[in-house]
Each structure stands twice: as C-alpha cells, then as structure tokens.
Amino acid sequence: MAYDYSEMEKKWQTKWSDNELNIANRDDSKPKFMLIFAYPGVTGYLHVGHLRGYTYTDAIGRYKRMTGYNVLFPVGTHATGNGAISLASRVSNKDEDLIDYLIRNGCPEDKLEQLKDPMGVVNFFNDVYVNDYWKKFGFLADWRRFTCTLFPDYGKFIQWQFKKLKDANLLFQKPYFAPACPNCGPVAVDASETDISKGGNAETQEYTLLKFKCKDKYLVAATLRPETVYGQVCFWVNPEVEYKEIKKGEETWIVSSQAAEKLKLQMNNIEIVGTILGHDMIGWMCEAPMIHRDIPVFPAAFCNPAVGTGLVTSVPSDAPDDWISLEAVKKDPKMISEYGLSQELIDSVVPISIISISGYGDFPAKDMIDKFSIKEPGDPKLVDAKKQVYKDGYHMGKMKDTCGKFAGMRVEEAKDKMKDAMIAAGEAEVFHDLTEEVVCRCGQPVHIKKIDDQWFINYGDQELTDKTSEHCKTMDINPTEYYENIHGVLNWFRERACVRQGNWLGTKFPFDNKWIIEAISDSTLYPLYYTISLYANEGQIKPDNMTEDFFDYVVLEKGQLSDISEKTGINEELLEKIRKDVQYWYPLDINLGGKEHMTVHFPVFLMNHQAILPEKMQPRGILVNWYITGKKSKISKSKGGAQPIPGAAQKFGVDAMRLYYAHVASMFVDVEWDEDIVMTYRQRLDRIIGTVEDLITSESDIPKSDIDDWLMSRFNTHITEIRTAMEKYDLRATATVTYYEMLNDIRWYNRRGGKNKETLNNALRIWIQCMMPVTPHVAEELWNKAGFENFVSASQLPDADVISSSAEYGEELIREVMADVAQIEKVANVNAEKIVLYTSAAWKVNVMKFALEMKEENKLDIPSLTKRCMSDENMRKNGKAVSEFAKKIATEFSRSSIEEKRPIVDLDETALLRSAEEFLSSELGTPVKVYSADESDLYDPQNKAKIAIPGRPAILLE
RNA sequence: GCGAGGGUAGCCAAGCCUGGAAAAGGCGCAGGACUUAGGAUCCUGUUCUUAGUGAUACAGGGGUUCGAAUCCCCUCCCUCGCACCA
C-alpha cells in the first residue's frame, strides 16, 4: 500500500506548530535540555547529506522531550564572509551556470532580482533553510529564536564577545601578510573572485629570501625550500632580464623589478638605485648562505622575474628545473664561447644528495625527470614533477648526513629550523608572494602587503588551553575517540587572525571600525545568543539597548538591576526575565556538528566559552556526525550532483529519510548515499503502518494468556534498551529496536494467536512513542488513528514495567524447537507425519538448580557439583548419567551468567510445550505430541527421551 | 611524514571500551506461501559438514589468557586532516 506521506507531513507539521509544541519557554519546574547543530553557512542550497546531522539533533531533542525535559532546540545560519556578495554579483552578471543551478534547485525566477543584493541572498536562503528544509523535516525547533550572523542584534552580541576577549587579554596585534590592491586596499582572493578579476585560485606562499654575497652586493634568491640549502651548487640568473639594484638599509640587493615593487610593500626603506642586466652577472661567484661556499652564476631561462625575486639558487638534487637546466648548461657551447667560463668550473658543479625520501634514490629530482621523461628545460611537465618532489620531500623526507647539524631531521622540522637559523644569521629574510598573478577588479595588480596591526585571538594561551582541556574531561563528547583526542587538538591550536578588511559581510570590530570580524571568530559563543535572540526578534529589545552592560548583566550577572535598566533603557522586569532565561537554558547540553568541525569549530567554541563564561555555563556535550557521501563523491552542494532536498523528501517521504539517517549506520562512519537503500526504509515504514492499522481496526478481542505477558515483557525490555541506547545518543540501536524488533514481536504475538485488545493497546502506545523521535509524522498519524490522547510528540515515555525473563525465554524455546525440527527435516531429508517432543527428566533440572545455587555462592566447580548431586538419593540411582551431566553443566554454567540460566531452570517446559501443541502442529503442518521423559507410559520407539535436557527438548520425527 | 579513524559473511553494517556460543540488523540471493492495480507481503534458508552435531572464521603474523574479532606487539592495505578555509 502506498501512503501519502507528504500530506501526512504537512498535516502534523501544521498541528504541531498551531499547538506550539516547538516553542521553548523557561519552566523552572522542569529540567532543561538545550541542543543545537552547528549552523550552516549560507552558501547556496544544501544537499541530502546535511540533513543527517540536523535530523539527529531533532530526534535527540524529541527523545529528550519524551523523557521529561524542557527542550530548547534553536536554529540559525552563518552568513559572514563574502559568499553572499559573490553569489549576488554572479546573479547580477547573469552567470548562466549559477542561474541554472538556482533554478534547478527550485529557485523561483521572480526571486532572481532579489538575489542581486547580498542581503537578498542571505534572506532568501535563510528562508529556504528554515521553511524548505528544517520545517519540512518536522523539526521541533523554536523558530522564534532564529538568528543569523548578519542580524544587527547578533552583531551586538559578537561585539560584546570581543570586548570580553580583550578584557581577558586574548586579543593582540602583530604584523600579517595579506593580499592587497594599491588602490582598493585589502582584497579577498578566493575562487569566486568577488574582489578580483583574475587569479582566484592563487594562494599566499611564504618564501625565504636567501642572500648571496657577491663583493659589495647581494644576489637575493627566493625559495620555498630553505631546507635544501646544503644542496646548492650554482645560482641561476636569466640573462635576458634586466634586474634592479635596490637599497635595503645599508645593503644593496639585486632582484627583478617586479620583486622590487613587491618588497616595497612588505619591507620598510626600500629604494631602487640602479639596474643590471642578467647577462652581465653570468660567471660571477657568490657566497651561498648557510654553507658559505662560493658558487658560480649560470644562465637559466626558466627564471621568471614575476615569480619570487627572479633569481634562483640551484639545488639540482631536489629541484627538477635545476637538474635539467644544469644538464643543459653543461652541454651548451655558449657557456665557454659567449660567457667565457672555464670547462673546469663547469665540470666542478655536481649535484649533492641531501634528502632521503622513501621510494626515491639519491637525487629525487632526477627520478622525477626520468619518470615524467623530461628531456629539456621548459618542458611543461616540469611543473608536476616539481610539485611531486616538493610534496614527497616535505612530508616524507629526512635530511642526510650532508646537512651538517640538521642531519637526521625530518624535512618538515628542518625547514623551519634552517630558515630561522639563516634569518638569525642575517643571511635570509621572509617574503610573501602569490602563487599566480592576481588582478584587482580595478585593474591593478594585487600583491601581498604587510599589515602591521592585524588582530589575533590568542588561542595559543597556555592557561586557556589547559583550562579548556581540563573541562573537556568532564564533558560528554562523542565519539569517544574525539573525547580522547580533543586535548591534542586544543594544544595544536595557535593564535588566529580574527578580523579582516575588504569586501566582507560581518560584524564590525568594536575597537577599530576598519576591521570586520572574520567568519570563524564570530561563531564560537553563539549558542548562548539563542537564549536572548527571542527578545530581539520580537522587538522587545533593540540593538541599541544591547550594550556591554546589558550582556554583562544577563549573561555574567554583573551590575545592579536598577542601574543596568537605566543604562540600557530596558525595563527591570524584562531584564530579569532575560537574565533568568539565559541562566536557565545555559549551559549548552549538545553541540552537534559534522566531522569537519573537529579541528576548527569545536576547539574555538570550547575556548571562547572558557575564556568568557563562568564554570557553570561551560558546554556539556559535543556530538560529531560523519558524512553522507556521493556515489562518486559528487553530492557537493555547488556541483548540483544531488537531488534537491525537497525533491528527495517528496520522493521518499521525510520519515523514510529520517529513518535512513538514523539507522543506516552509526553516526560515526561515512555512508554512501544510495536511493535504493532509502527506498527500503520507505517500505519498512509502509509495512509498519500497515501492521499498526490492522491492529487498530481489528475487532477481535480474546482473553489474556501467557503470550500477553510475553509481549508486554518484550516491550518493556525494549523500553529499557532504548533508554540505555539513548544515554549515548545511539539512534541506530534505538531504531533497530523500534522498527525491527518491535515489529517482529508484534508479528510473533499474532502468530501465537494473541489478540487481546488491552495488551495490544498498551503495546501500540509504547511502540508509537518509540517511533516518535525518528519518524515523528508517521508516529503522530498512528497515535491519532489509535485514538490516543493529544500528541505523541508531547507524550511521556513510561518507565519500563515488569520484565519477565521466563516468559521471554519460553517463547524463545518454542522458536528453537521449530527451528530444530525444520533443521532435522532438512538434514535428514524426511517429511515427518508425526512429531514427538520429549522434555527433560526432572533430575536434570535439579542438577541445574544445584549448579545455579552454587554459582550464586560462587562455589561452582565440577567436583562440588557432582558431590552435591550424589548426596541426593534419587539421583545417585542414576549415578553415571548424573555425573556426566553435572560435569557438562558445571562447565557451561560457569561460563554464563545467572540471569541467562535461571529461566531454563524456572520454566515448566512440559506445560509450556503442551500449551503450544496446537500452535506447533499448525505451524509445522504436522501433529505434535509432547511427553515428559519422566512419564511412565510414554511413546518412545527410538529411545530419544533420555537425550532431552532442559532448554533442549528431544525431537522424534516419524 | 605527523595526527586521527578503519580493514568482520556477496554487499552495507553491529559487536571491540567492560575478553566467554556462526557473529545483531538490513540489502542481495535461493526455495516456498499468497497473489500477480505493488519499487509488494509472509515463511524458510543463505561458511563447510551434519537427525538438531561438529569444524573453521573477524586484513596478515606473533604474544597475553583456561578462553580474543575484542587486550598487547609487528607488518600490509584503505580513508580523512595537516590550518586561517567555513
């Protein structure tokens, strides 16, 4: 049967909302539970993968409601940055790809006009996220509290946060190197090319400037690999290029003219004083830094004056360009004829092996030249060859014995050490450059400019790190691997630039308006703001009211009420209300986020809380969820590889998707998105709905019997299982119990002829409640159909009632008997016309009883049990059989728990199986007769009765 | 390389922290039932062997233990992160 899920969803979402189930208000009579998912960046349409974590959050929130908590689940969005600006500008420019993407995801054409404005973009997607995703997925979030990082009131909160950071001495300034246009100032270099017209993929690289003394001047080379200086054998100059001589303090440097311009931006007192042709420098000898050897200057055409300084030190062992150029130079007759160099000098230049990399020989550069079959300088394949050698060298390389005191170090470590050593010795300086040409929108070239007064947050602060680390030990952080690992992450975290300039949306830095707080720094303390945003959204407080005093009072409880009221213009009553709200809801119980947050968001979230808020407001839990990945890793939001979320919801039904997320795998593994799998969850829901509907409409009602006890016991066991699983937020285990085990139990109950109205009603009630967190719409629909009161979403899950292990065990036994019969029929290939079951002789039960008693006293072993049995006169008659059996039981019982074995002993197997004779006969399609082995006149032609043991009736097929 | 996670049946995936029964559940596959307005449903089976038994598995190797998928060591393979990007 096909159900109209989307109608069901709409119906209940409306009713929940009409009845304000999602609203969370302070209620001092109830314990609170506050949870969020890390809000998403407003960067376009989301995909089905994102809903995984969001769904967990809602499901956990719903479970918490059902177990007595007053739950606050607020949502918001993060729009700081230039994403919206860029999207708007692309819409304005009628970027076809983008417009196509928008339309395909359901953007109405008449909205495109709105999207030409950045804030229009933000508002548009805020609306999409809330209304098309979260509400449609049935989330019970308190929408009144929705906030976005670009809302003015949010900005006031962030400014307050930064004031507190400053008070805590965690803000400081130091120089920083940023891309800038000479006309427009700092610009954002990113792939969307918002500020720039060319070079969006450029990255900032740190070069080390190496100074080669040459009489009274310095040749200055820029290198990315200062660790290779021990391999320097010559120096490259492009003979065709005209270089500049610049005055840098007392020194005279030679660099390309482009480099001279860039250096002016990054260093003080740079002045161009002259020019010199590359050709004229060939044959010079210069002193290489660190190794202090004189090396010759050779010509090389690959020296690009636009890259670095246009001068290059040559390390042929590890630089493919150098290797191939050196080979070329050695064969070039012009070296002697034109430059007048001696053959001896040329021959003396040989590569020095300096770095060992596993998988490479002495000269990694040579290996790559061969691998890429590069024959001459200028081969375009050199770019890749270089990349490969650099990467492998950096990550896997070790310095060889030729590298002086750096021998044996990993390259990663040696790199900084050697750079620092040369800087300290005055032989090197740092220089920043972009990896490719970047041009500003205004047409000017963009270069790296030194910013002297960049602000940082000092996450490296040891005291803060230690405090945070210590607090983490008390937190509920899942998975446990992350709980253990977070200390390392916190330690690794250093200072971080927290403001930027240029074309960015965000909150102004409170201490200097020219700065805008950057995107990570303004989203660390924000969960706290959800306790306040309500009042701003409702207009009860205005951004102007939200001063430092205001937040100090409501959050930190600083100041006198009357005084603060006067200063902020907020009446005392409201101030108190807000303060109490904040104190009631905070701390945050769960912050749930994708695994990408483990190294950035979560640490700063924790550290900001620690830096600003008192101990009682520190977060209590972090939950990390892994991803839904694309089949060929292509469900990224920008590529449009995935189906839009509303389409998927329509196709599968929201609850089927929620169940899929909850059950397909643990939270802590990546899952490949597979529509067929989602469909199987839809079918499972169909089946459950069908089953429940049948039960509801069924007219029959027969008196209770053992099977009713069994069903109630099972369901109470399941309640316990679910409560235990949810302690760890294990939705998967919860879903297995609810959607598989409980359904199976209902089926078995039916099969066993159970039809008692009251039992079924009780069971249904529990079952539907268990469904509520994961599949709320279906649960609500069934709850309603079953005639239960109010909403299941507002109901309370009962505590587990009576659990009868003997009732549960009895049914297990019946199932085992059926399985055994089937097994024998199959193996023996017989079609029985008559089945006889023999239950164990009573003395065997007694042996087990003894064993159990002895186990309880912790005295169980083979000799004692045997002795104990032999002290019983009746048993002694059976001497040999008893001792053998006792031996077996002693071993078996010592390996299992008392709880496991007790039902075997307690159960009256004969009575149970007799009562099931009719059932077994009909199920097996063969008449079944039950005897006890102790009966005197039993039918036992094959002498089977004696092999029966408790828990394992003997079986005869005829 | 450093850091983290992982390698369980045809596939996905529990179990591993807290060692104690071929190993949940799902998918797929096979047989049967019921039906063919369905991406159906129900039952049974799905390592080998076998009157319900027994044997053997948890990347590979070694160790601890009465007993290991689970704890320890080594090796191989896979995935992710390595920063200013949210």
Side-chain angles (χ1 to χ4, degrees), chain A residues 1-2 38-43 78-81 83 176 178 190-191 203-204 357-358 391-398 410-413 456-457 459 479-482 484-485 488-489 492-498 500 518-523 593-601 604 626-627 629 663-666 668-672 674-677 679-684 686-687 690-691 730 732-733 735-737 739-741 744 747 750-751 816-830 832 891-892 894-897 900 923 942 944 947 952-957:
Chain A
M1 186 173 318
Y39 53 20
V42 181
T43 48
H78 182 267
T80 308
Y176 183 68
D190 71 314
E203 285 172 33
T204 306
I357 312 172
S358 72
K391 204 177 137 205
D392 291 341
Y394 180 68
H395 288 305
M396 299 189 283
K398 262 210 175 92
R410 296 200 340 265
V411 167
E412 212 172 332
E413 185 188 355
F456 292 82
I457 298 176
Y459 292 117
T480 47
E481 288 79 7
Y482 188 50
E484 280 152 21
N485 187 229
V489 178
W492 163 84
F493 226 94
R494 309 195 295 252
E495 58 214 27
R496 187 179 189 97
C498 63
R500 25 189 327 159
E518 64 83 45
I520 287 170
S521 305
D522 75 349
S523 37
K595 65 177 179 181
E596 77 276 19
H597 290 114
M598 289 197 287
T599 50
V600 181
H601 169 66
V604 296
W626 265 235
Y627 300 150
T629 62
H663 187 260
V664 70
S666 108
F668 315 126
V669 295
D670 286 331
V671 172
E672 198 177 81
D674 183 339
E675 297 206 344
D676 291 341
I677 304 279
M679 206 32 132
T680 66
Y681 283 102
R682 225 284 289 278
Q683 287 163 4
R684 171 126 321 234
D686 286 347
R687 222 182 300 175
T691 305
D730 187 347
R732 181 167 210 263
T736 300
V737 169
Y739 300 92
Y740 296 89
E741 293 181 15
N744 286 338
R747 272 197 210 139
N750 271 331
R751 214 165 144 191
E816 268 175 35
V817 167
M818 289 168 66
D820 280 352
V821 170
Q823 175 90 14
I824 297 168
E825 278 189 321
K826 185 185 157 201
V827 170
N829 201 16
V830 293
T891 318
E892 197 183 310
S894 59
R895 283 183 188 165
S896 15
S897 68
E900 233 179 300
E923 284 287 327
Q942 288 187 31
K944 290 270 180 197
I947 61 170
R952 202 91 208 227
I955 297 167
L956 169 68
L957 302 187

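Within every chain, numbering begins at 1; the chains are lettered A, B, ... in the order of the sequence lines, protein sequences first and strands thereafter. Please read these numbers as outputs of a predicted model, since none were measured by experiment.
Nucleotides B/A23 and B/U46, compared at atom C1', are 15 Å apart to the nearest Å. Rounded to the nearest Å, the gap between the P atom of B/U65 and that of B/G60 is 23 Å. Distance check on atom P: B/A69 versus B/A57 gives 8 Å, rounded to whole Å. Distance noted for atom C1' between B/A13 and B/A24: 10 Å (whole Å).
In this structure, the OH atom of A/Y740 is 15 Å from the P atom of B/A13, given to the nearest Å. One interatomic measurement links the two molecules: NE2 of A/H597 to C1' of B/C80, which rounds to 16 Å at whole-angstrom precision.
Both A/W626 and A/T80 lie near RNA chain B, and the one whose nearest nucleotide falls closer to the 5' end is A/W626.
Note on A/E816: nothing from the nucleic acid sits closer than 4.0 angstrom, heavy atoms only. Residue contacts shown for A/T680 are limited to sugar-phosphate atoms, with no base heavy atom under 4.0 Å away. Looking at heavy-atom distances under 4.0 Å, A/H78 makes contact with sugar-phosphate atoms alone, never a base. The residue A/A519 sits close only to the backbone: its heavy atoms come under 4.0 Å of sugar-phosphate atoms, none of a base. A/L957 comes within 4.0 angstrom of a base, heavy atoms only. Using a 4.0 Å heavy-atom cutoff across all strands shown, A/I457 reaches no nucleic acid atom at all. At the heavy-atom level, A/V489 lies nowhere under 4.0 Å from the strands shown. At the heavy-atom level, A/S666 lies under 4.0 Å from the strands shown only through sugar-phosphate atoms.
A donor and an acceptor atom sit less than 3.5 Å apart, one in the side chain of A/D676 and one in the base of B/G39.
For the pair A/V489 and A/T599, the tightest heavy-atom approach, listed with the atom from each and the gap, is CG1-CA, 4.0 Å.
Among B/G81, B/G26, B/U44, the nucleotide with an atom closest to any side-chain atom of A/R751 is B/U44. Residue A/R732 has its side chain nearest to B/A13 when only B/A83, B/C84, B/A13 are considered. When the nucleotides B/G52, B/A14, B/A4 are ranked by their closest atom to the side chain of A/V669, B/A14 comes out on top.
Not one side-chain nitrogen or oxygen of A/R496 sits closer than 4.0 Å to the OP1 or OP2 atom of B/C85.
Formation of a donor-acceptor pair under 3.5 Å by the A/R732 side chain with backbone atoms of A/H663 is found in this model.
A heavy-atom distance below 4.5 Å is not found between the side chains of A/C498 and A/Y459.
Atom CD of A/E518 sits about 5.5 Å away from atom CD1 of A/I520, to the nearest 0.5 Å.
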